[in-house]
**Student:** 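Take this structure, written in C-alpha cells, and hold onto it; I'll ask about it next.
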There are 2 protein chains.
Amino acid sequence: MVKKQKDATTQQRILEAARKVFIEKGMAGARMQDIADEAGINKALLHYYFTSKDMLFEQIFQQASARFIPHINEVIESDVSLLEKIEHICVNYVTLIMSKPFMPLFILNEVHKQPEAFLQRMWGGQKPKLHKLAEQIEHEVKRGTIKPIHPMHLFMNIMSLSIFPFLAKPMLQYMSKMSDKAYWQLMEERKELVSKFIIDSIRK
Amino acid sequence: MVKKQKDATTQQRILEAARKVFIEKGMAGARMQDIADEAGINKALLHYYFTSKDMLFEQIFQQASARFIPHINEVIESDVSLLEKIEHICVNYVTLIMSKPFMPLFILNEVHKQPEAFLQRMWGGQKPKLHKLAEQIEHEVKRGTIKPIHPMHLFMNIMSLSIFPFLAKPMLQYMSKMSDKAYWQLMEERKELVSKFIIDSIRK
DNA sequence: GTCTATATTCCGATAGAC
DNA sequence: GTCTATCGGAATATAGAC
C-alpha cells in the first residue's frame with residue numbers, strides 16, 4: 001500500500017530527459033531514442049506516456065517558458081523611479097538566466113521558427129507593457145534627468161547586456177580560454193554590473 | 001563555344017538555395033527537398049553536385065562563417081586609441097550583421113551543438129586576440145583614463161549591444177509592434193549609438 | 001547535366017506479449 | 001507499466017534513361 005516516494009516517477013524522468021535533449025538539440029534535432037536513452041527506458045514507453053513527439057515537446061516548452069519569463073510587468077508597473085526599475089529588471093534577468101542558462105537560445109530558436117504562434121502562447125495575455133516603460137523614459141528625458149535616448153534603444157541595451165553573455169558563452173569562453181568557474185564568477189558580478197553600465201550610459 | 005556567363009550556374013544556385021534553407025531551418029531542420037525546390041531543381045541533382053547533405057552543409061557553413069567573421073584582429077592590432085578601436089569594432093559588427101541578419105543565430109546554434117569542432121573550423125588560426133585588447137584596456141584603466149572594468153565585461157558589452165538586437169528582432173518587434181521599416185531605421189541609428197553607449201559607460 | 005524511379009536508412013508510432 | 005518486435009512514412013541517397 002505504500003507508494004514509492006523517493007524515486008522520481010517514470011513520467012518525471014521522461015520530462016527531465018526530454019527537457020535536456022530538446023534544449024540541447026532543438027525540436028528538429030532531438031530523437032525520441034535520445035530521450036528514451038536519457039531517461040533509461042525505451043521508445044515505446046515514451047509513447048505510452050506522451051502520445052507523440054509534438055505533444056512531448058509542447059509540454060516541455062510550455063512548462064519551461066512559462067516558468068522562465070520574468071514577471072517584468074510587475075516591475076514596469078511598480079511605483080519606483082526609472083533607475084530603480086532598470087536595476088530590478090537587470091538583476092532579475094541575469095539571476096533568472098543563471099538558473100537556466102540554455103533557455104535563451106532555446107526560446108530564440110522557437111520564436112525564430114514561428115514568431116506569432118510562439119510568442120502568443122508564451123505570454124498568454126501578459127505581454128510586457130513596453131509602452132509604459134517607454135512613457136516613463138520619455139518623461140525623464142524631458143525632465144532632463146537622463147540623456148536623450150529612444151526608449152527602444154534603452155530597452156534593447158538592457159536585454160542585450162543581460163542575456164547575450166549566456167548565449168555566447170561557448171564562443172566567449174573559447175576566445176578567452178576561461179574556465180567554467182571563472183566564467184560563472186564573471187556572470188555573478190554581472191548581476192550588479194549590468195544596471196551600472198546602463199545607468200552610466202544614460203546619466204548626464 | 002561561348003559559355004553562358006550571365007546566368008548563375010546550377011552549382012551557384014544550389015549553394016545559394018542551401019544557404020537560405022540551412023540558415024532558416026538549421027542543419028537538422030533543413031530538408032534536401034526544400035533546397036532542391038528553392039534552387040528549382042530536383043533532389044537527384046543535388047547529390048550529383050554534392051554527395052551528401054553533410055558535405056553540402058559543410059560547404060555552406062565554411063563559406064558563410066568565414067565571410068561573416070569580421071576582421072577583428074586587424075582592428076585590435078591597429079595602432080589607434082582604445083576608444084577608436086571600440087568604435088571601429090561596434091560599427092563593423094552592426095554594419096556586417098545588417099547585411100546578414102540571420103547569421104548570428106545560425107552560428108550560435110552550431111557552436112552550441114559542437115563548440116570545439118565548430119569554432120576551430122570557423123577561425124582557422126586567426127582567432128581574435130582578445131588578450132591584446134585586454135592589455136590595452138588594463139593599461140587605460142591604470143592610466144586612469146577610463147573607469148576600472150574587467151576587460152571581459154567590456155568585450156561582452158561590445159558584442160552584446162551589437163549583436164543581440166538582431167537575434168531578438170522577432171521578439172522585440174512583437175513586443176513593440178514596430179514595423180520592419182521602423183526596426184531597420186533603429187538598427188541604422190545603432191551603428192553610431194552602440195559605441196557611444198559603451199564609451200559613456202566607461203568614461204570617468 | 002538533368003530527370004524519373006527506386007533503393008536504403010532513419011525515425012516516429014503501434015501491436016501485442018508479459 | 002514495461003518490454004520486444006515491427007510497421008509505415010519520410011528523408012537521404014543511388015540507378016539508370018535521356
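Values below: all heavy atoms of this structure, side chains included; hydrogens, waters and symmetry mates excluded. Proteins get letters first, then strands, A, B, ... in listed order; numbering begins at 1 in each.
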**Student:** Please check this pair: side chain of A:Arg19 against backbone of A:Phe61, looking for a donor-acceptor N/O pair closer than 3.5 Å.
**Tutor:**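 Absent.
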
**Student:** Validate the cation-pi geometry between B:Lys127 and A:Tyr174: distance from NZ or CZ to the six-membered ring centre under 6.0 Å, angle to the ring axis within 45°.
**Tutor:**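 Pair B:Lys127/A:Tyr174 counts as cation-pi.
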
**Student:** Taking the side chain as C-beta and beyond, is there a heavy-atom pair between B:Ile146 and B:Arg203 under 4.5 Å?
**Tutor:**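 Side-chain contact under 4.5 Å: no.
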
**Student:** Please report whether the ring centroid of A:His112 lies less than 6.0 Å from that of A:Phe118.
**Tutor:**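 Ring-ring flag for A:Phe118/A:His112: false, centres at least 6.0 Å apart.
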
**Student:** Take a 6.0 Å sphere around CD of B:Gln136 and say whether it holds more than 12 heavy atoms from other residues, nucleotides or ligands.
**Tutor:**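 Counting neighbours around CD of B:Gln136, more than 12 heavy atoms of other residues, nucleotides or ligands fall under 6.0 Å, so yes.
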
**Student:** Quick one, which residues of residues 29-43 of chain B touch DNA chain C with a heavy atom under 4.0 Å?
**Tutor:**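 Output list: B:Ile41, B:Asn42.
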
**Student:** What residues in residues 47-59 of chain A put a non-hydrogen atom under 4.0 Å from any atom of DNA chain D?
**Tutor:**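 By residue number: A:Tyr48, A:Tyr49.
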
**Student:** Within the distance-only criterion (no hydrogens, no angle test), does the side chain of B:Gln173 pair as donor or acceptor with the backbone N or O of B:Met178 below 3.5 angstrom?
**Tutor:**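 Pair found, side chain donor or acceptor close to backbone of B:Met178.
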
**Student:** Can you work out whether A:Ala44 or B:Ala44 has the more 5'-proximal nearest nucleotide on DNA chain C?
**Tutor:**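 Its nucleotide being nearer the 5' end, the pick is B:Ala44.
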
**Student:** Is the shortest heavy-atom distance from the side chain of A:Tyr49 to the side chain of A:Leu56 under 4.5 Å?
**Tutor:**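 Heavy-atom side-chain distance check fails, nothing below 4.5 Å.
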
**Student:** Mind calculating the distance between CE (A:Met27) and C1' (C:dC11) to the nearest angstrom?
**Tutor:**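 Taking CE of A:Met27 and C1' of C:dC11, I get 12 Å after rounding.
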
**Student:** Is the distance between the ring centroids of B:Phe22 and B:Phe106 under 6.0 Å?
**Tutor:**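 That pair fails the under 6.0 Å test.
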
**Student:** Is the positively charged end of A:Lys100 above the ring of A:Phe68, judged by distance under 6.0 angstrom from the centroid and angle within 45° of the axis?
**Tutor:**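 Here A:Lys100 fails the 6.0 Å and 45° test against A:Phe68.
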
**Student:** How would you give the extent of chain B contacts on DNA chain D, as first and last nucleotide 5' to 3' within a 4.0 Å heavy-atom cut-off?
**Tutor:**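 Endpoints of the contacted stretch of DNA chain D: D:dA11 to D:dA15.
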
**Student:** State, with a plain yes or no, whether a side-chain heavy atom of B:Ile202 is found less than 4.5 Å away from one of B:Leu83.
**Tutor:**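 Yes, their side chains come closer than 4.5 Å.
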
